[in-house]
**Q** 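Can you keep this structure in mind? I'll have questions shortly.
These values consider heavy atoms only, across backbone and side chains, with no hydrogens, waters or symmetry-generated copies.
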Amino acid sequence: MYPLTVKAAYAYVRKAIDELTSTEDIGMLIEPDSVDLHRLVEGFLVEAVVKTHSLAPVLALEGEDAKQGEDYSIELEDGVVTISMLTPVLKVLSVKCSDSDYILSDLIPENSAEGRKQLNQYVRGTYDDPRLVLLKKTNGDHKPILKYYTTNETDVEEVSFDIEYIPYPELMEGVVMIAPRMEYAVLNQIVAMVLDSYKEVDLAERFRAKSKEYMEG
């Protein structure tokens with residue numbers, strides 16, 4: 001994960017707005033060194049991280065490796081593993097069970113047709129064609145619960161997982177952690193949000209499009 005500071009985000013937004021003021025047919029959007037701008041950037045930072053990382057494709061993201069017992073716990077019943085996250089999560093990137101060669105990135109909603117199919121032991125996922133279901137119930141704020149269908153193991157002590165995830169962002173001492181490739185996606189999203197707050201909707205859309213390009217690039 002990469003540390004993005006409020007200071008760096010403010011500098012980027014300030015530069016973007018200065019360039020707009022000099023090249024667009026508009027007056028000065030914000031007074032130089034505006035305290036209000038700094039507050040806006042700080043206030044939008046976490047929201048921008050959530051928006052970009054939620055929309056970005058999994059392949060564009062690098063997260064952290066979860067540790068069993070610290071970041072998640074597991075329970076096993078009839079081959080079905082319940083994975084309860086113990087730490088706040090923005091996005092689960094991948095899950096791989098020790099008895100399978102398959103890495104799962106697609107989370108199936110519990111109330112979908114495919115999700116309901118997993119309740120049938122004759123058609124549910126197997127160790128060589130597994131499925132990962134996201135439950136509606138959670139373990140707390142931003143702590144999802146997943147069900148893995150299924151493992152051949154019968155003893156929970158024999159089951160282990162490799163789980164990669166994006167932690168839910170938190171601004172601490174002027175720093176928020178982001179996925180390394182998402183820096184400019186986040187920064188351009190903040191510019192768009194600031195411009196929205198000043199009713200410059202068309203200009204905001206321009207930066208939102210830039211953010212999307214960085215997300216998908």
**Q** May I ask whether M193 and F207 are part of the same hydrophobic cluster, defined by side-chain heavy atoms of I, L, V, M, F, W, Y residues being less than 4.5 angstrom apart, directly or through others?
**A**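 M193 clusters together with F207.
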
**Q** Any side-chain donor-acceptor pair under 3.5 Å between N188 and Y12?
**A**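 Judged by distance alone, the side chains do pair up.
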
**Q** Does any part of the side chain of I17, heavy atoms only, come nearer than 4.5 Å to the side chain of L37, both counted from C-beta?
**A**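 Counting from C-beta outward, L37 and I17 do come under 4.5 Å.
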
**Q** Between Y148 and F161, what is the ring plane arrangement, given parallel below 30°, perpendicular above 60°, and tilted in between?
**A**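 Answer is perpendicular, since the angle exceeds 60°.
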
**Q** Given S100 and K96, is the side chain to side chain contact (heavy atoms under 4.5 Å, CB included) satisfied, shown in steps?
**A** CA-CA 7 Å; S100 175; K96 180 184 179 301; 5.7 Å; no

**Q** Are the side chain of N139 and the backbone N or O of L86 linked by a donor-acceptor pair below 3.5 Å?
**A**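 No, the answer is negative, given that no donor and acceptor are paired below the 3.5 Å cut-off.
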
**Q** Check this for me, if you would: do K210 and E213 make a salt bridge, where the nitrogen-to-carboxylate-oxygen distance has to be below 4.0 angstrom?
**A**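 No.
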
**Q** Under the salt bridge (Lys or Arg N to Asp or Glu O under 4.0 Å) rule, collect the residues that match up with K117, sequence neighbours excluded.
**A**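 With neighbours one apart ignored, the set is E114.
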
**Q** Give a yes or no on whether N120 atom CG has more than 12 heavy-atom contacts from other residues, nucleotides or ligands under 6.0 Å away.
**A**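 Check passes, neighbour count above 12.
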
**Q** Inspect the surroundings of NZ in K143 and state if more than 12 heavy atoms from other residues, nucleotides or ligands are less than 6.0 Å away.
**A**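 Above 12, so yes.
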
**Q** Quick one: does H142's side chain have a donor or acceptor within less than 3.5 Å of a partner on L90's backbone?
**A**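 Not confirmed, H142 side chain does not pair with L90 backbone.
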
**Q** Atom OG1 of T87 and atom CD of E70: how far apart are they, to the nearest 0.5 Å?
**A**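 With rounding to 0.5 Å, OG1 (T87) is 8.0 Å from CD (E70).
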
**Q** Under 3.5 Å, is there a donor on one side chain and an acceptor on the other for T82 and K147?
**A**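 The answer is yes; a qualifying pair exists.
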
**Q** So does S94 get a backbone contact from the side chain of E164, meaning a donor-acceptor N/O pair under 3.5 Å?
**A**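 No, because the side chain of E164 does not come within donor-acceptor range (under 3.5 Å) of the backbone of S94.
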
**Q** Would Y2 and M177 count as a side chain to side chain contact (heavy atoms under 4.5 Å, CB included) here? Give the steps.
**A** CA-CA 5 Å; Y2 173 82; M177 303 304 291; 5.8 Å; no

**Q** Kindly indicate, with the supporting measurements, whether the criterion salt bridge (Lys or Arg N to Asp or Glu O under 4.0 Å) is fulfilled by E205 and R208.
**A** CA-CA 5 Å; E205 282 302 316; R208 200 166 282 114; 2.7 Å; yes

**Q** Under 3.5 Å, side chain of S54 to main-chain N/O of V50, donor-acceptor pair present?
**A**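 Confirmed, S54 side chain pairs with V50 backbone.
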
**Q** Would a single hydrophobic cluster contain both V80 and L76, if residues Ile, Leu, Val, Met, Phe, Trp and Tyr are joined by side-chain heavy-atom contacts under 4.5 Å?
**A**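 No, L76 does not connect to V80 through the hydrophobic network.
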
**Q** Looking at D106 and R131, is any side-chain nitrogen of the basic one under 4.0 Å from a carboxylate oxygen of the acidic one?
**A**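 Between D106 and R131 there is no salt bridge, as every charged N stays at least 4.0 Å from the carboxylate O atoms.
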
**Q** Taking the six-membered ring for Trp, is the centroid-to-centroid distance between Y127 and Y102 below 6.0 Å?
**A**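 No, the ring centres sit 6.0 Å or more apart.
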
**Q** Check whether L61 and V89 end up in the same hydrophobic cluster, where Ile, Leu, Val, Met, Phe, Trp and Tyr are linked by side-chain heavy atoms less than 4.5 Å apart.
**A**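 Not linked; separate clusters.
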
**Q** Answer yes when D202 and R206 have at least one side-chain N-carboxylate O distance shorter than 4.0 Å, and no when they do not.
**A**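 No, D202 and R206 are not salt-bridged.
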
**Q** Count I, L, V, M, F, W, Y as connected when their side-chain heavy atoms are under 4.5 Å apart, and connections chain through other members. Are L132 and I103 then in the same cluster?
**A**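 No, L132 and I103 fall in different hydrophobic clusters.
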
**Q** Could you pull out all residues at least two apart from N111 that satisfy side chain to side chain donor-acceptor pair (under 3.5 Å)?
**A**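 None.
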
**Q** Side-chain heavy atoms under 4.5 angstrom apart, residues restricted to Ile, Leu, Val, Met, Phe, Trp, Tyr: same cluster for L187 and V41?
**A**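 Per the 4.5 Å side-chain linkage, L187 and V41 are co-clustered.
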
